[in-house]
Protein chains: 2
Amino acid sequence: MPTSKTETDAVRLARHNPADLDATDRKILGALAKDATRSYSELSTIVNLSAPAVHDRVKRLKRDGVIKGTVARLDGCKLGRTLLTFLVIDTSSYNATRALLRFADRPEVEEIHTVAGDGCVLVKVRANDTESLENFLMEIQSLEGVRSVRSYIALSTFLERGPLPE
Amino acid sequence: MPTSKTETDAVRLARHNPADLDATDRKILGALAKDATRSYSELSTIVNLSAPAVHDRVKRLKRDGVIKGTVARLDGCKLGRTLLTFLVIDTSSYNATRALLRFADRPEVEEIHTVAGDGCVLVKVRANDTESLENFLMEIQSLEGVRSVRSYIALSTFLERGPLPE
DNA sequence: ACTGAAAATTTTACCAT
DNA sequence: ATGGTAAAATTTTCAGT
């Protein structure tokens, strides 16, 4: 039995498709992406709506997953993490890729992506110092199926933020 | 006149040095980095303190810059940004590097770092589609002093978060 | 989506250790 | 200096329209 149009649309909507957002939604999202401590009354003046109306929209945006959460942005240096590095890891097997994903629970690991190119993984690491980065690199290089690791050590960070609307 | 020890310490503290955080601070920071919507009374039960005591600590952590802000994390795909790419750009002059920093106000650009290696810049871009990525790449490649651009296109993202304490 | 009111939370002031 | 208690000021949230 063929899947009906509405069913496929529902699946698509839940998975990948952009939520349909009007200009007001985008304004709210932009404001909250920069500073989520703003009160609904503040937001209401920004978008020319009442506070409860803004509240309803934010609730919907959270329910739909457009807003994935609200988090505190911490200063890596102030936490003692002074060494930001991007690793591009070339793996020869999917096993090795899977092994790399297990590093997700390390507090110094901030991002893990698989990238195009045969079996490449990109990892963003914020280590305390050169020594702990070296230990981390050695751990990775000793994994079965890891062909090579290229390190891009950040000298200065000029911009660092999450996704923005529009 | 030589700078006194306390002065240098003050400068150091303000610039790079880790703030001195006890276990309670770290617990609070870890909790807020995951979910900053938690109320002070919730946090107070986590760390076994009163709500105002937690409030005082959070206030101090904000004043000292350990907490840089509180932001909403948005879903790139839901916003229509489906194509996450890391660019490693090799530049031949500092002028070119400066030109790249001007892309900071583009909404699709999320990170810009200078990285070790002669005049390299790393850019994290979340484009709407392949077409807008291509346009972006062409803009960058046409800049005077840009030698080469390597693109790492993300296929799947397994982890994406900010700095954590501990 | 707005008005107005109730509930919860943040935030201050003050006191104790 | 740090944390607790209690009260004031906001903010969130839920009615009804």
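Note that this is a predicted model, so its numbers are computed, not measured. FYI, side chains are in, hydrogens and waters are out, and symmetry mates aren't considered; it's all heavy atoms of this structure. Reminder, nothing fancy here: chain letters follow the sequence lines and each chain counts from 1.
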Taking distance alone, no hydrogens or angles, what donor-acceptor pairs closer than 3.5 Å link side-chain atoms of residues 95-105 of chain A to residues at least two apart or in another chain?
from: A/N95; atom 1: OD1; to: A/R98; atom 2: NH2; distance (Å): 3.0
from: A/T97; atom 1: OG1; to: A/T91; atom 2: OG1; distance (Å): 3.2

**Study point:** Residues within residues 29-43 of chain B bordering DNA chain D, heavy-atom distance below 4.0 Å
**Key:** none
Review point. Taking only residues two or more places apart in sequence, or in another chain, which ones meet A/Y152 in a ring pair (Phe, Tyr, Trp, His ring centres under 6.0 Å)?
Key: none
**Study point:** Between the first and last five pairs of the helix from C/dA1-D/dT17 to C/dT17-D/dA1, the angle of the axes, rounded to 10 degrees
**Key:** 30°
Review point. Hey, does B/F136 have a side-chain heavy atom less than 4.5 Å from the side chain of B/T85?
Key: no
Exercise for review: Name all pairs fulfilling the side-chain hydrogen bond (donor to acceptor under 3.5 Å, both in side chains) condition that reach into residues 58-71 of chain B, sequence neighbours left out, sorted by first residue then second.
Suggested key: B/D25-B/R60
**Study point:** B/E166 CD: over 12 foreign heavy atoms closer than 6.0 Å
**Key:** no
**Study point:** Boundaries of the chain A footprint along DNA chain C (any atom under 4.0 Å from a heavy atom)
**Key:** C/dA1 to C/dG4
Exercise for review: Please examine the side chains of A/V88 and B/F86, heavy atoms only from C-beta on, and report whether any two atoms are closer than 4.5 Å.
Suggested key: no
Distance-only donor-acceptor pairs under 3.5 Å for side chains of residues 120-129 of chain A, two or more places apart:
from: A/K124; atom 1: NZ; to: A/E160; atom 2: OE2; distance (Å): 2.8
from: A/K124; atom 1: NZ; to: B/E111; atom 2: OE1; distance (Å): 3.1
from: A/K124; atom 1: NZ; to: B/E111; atom 2: OE2; distance (Å): 2.9
from: A/R126; atom 1: NE; to: A/E110; atom 2: OE2; distance (Å): 2.7
from: A/R126; atom 1: NH2; to: A/E110; atom 2: OE1; distance (Å): 3.3
from: A/R126; atom 1: NH2; to: A/E160; atom 2: OE2; distance (Å): 2.8
from: A/D129; atom 1: OD1; to: A/E131; atom 2: N; distance (Å): 3.3
from: A/D129; atom 1: OD1; to: A/S132; atom 2: N; distance (Å): 2.9
from: A/D129; atom 1: OD1; to: A/S132; atom 2: OG; distance (Å): 3.2

Review point. Among pairs that include at least one residue of residues 43-52 of chain B, which meet side-chain hydrogen bond (donor to acceptor under 3.5 Å, both in side chains), considering only residues two or more places apart or in two chains?
Key: none
Review point. Rounded to whole angstroms, how far apart are CG on B/D56 and P on D/dA1?
Key: 13 Å
Point to revise | Verify same cluster id: A/V149, A/Y94 (apolar side-chain graph, 4.5 Å) | key: no
**Study point:** Carboxylate-amine/guanidinium contact B/D22 B/R57, below 4.0 Å
**Key:** yes
Study note, to complete from the structure: When rounded to whole Å, the CZ to P distance for the pair A/R57 and D/dT13 reads 17 Å
Check your understanding: If you look only at pairs with a residue in residues 36-85 of chain B, which of them pass as a ring pair (Phe, Tyr, Trp, His ring centres under 6.0 Å), with sequence neighbours excluded?
Key -> B/Y40-B/H55
Review point. What is the nucleic acid contact for B/R60, judged by heavy atoms within less than 4.0 Å: base, sugar-phosphate only, or nothing?
Key: nothing
Check your understanding: Considering residues at least two apart in sequence or located in another chain, which fulfil the salt bridge (Lys or Arg N to Asp or Glu O under 4.0 Å) criterion with A/E139?
Key -> A/R106
Exercise for review: Return the residues of residues 45-55 of chain A meeting this criterion: a heavy atom under 4.0 Å from some atom of DNA chain D. Order them by number, or give none.
Suggested key: A/P52, A/H55
Revision key, fill the gap. Residues pairing under salt bridge (charged side-chain N to carboxylate O under 4.0 Å, His left out) where one sits in residues 33-42 of chain B, two or more places apart or in two chains, turn out to be none
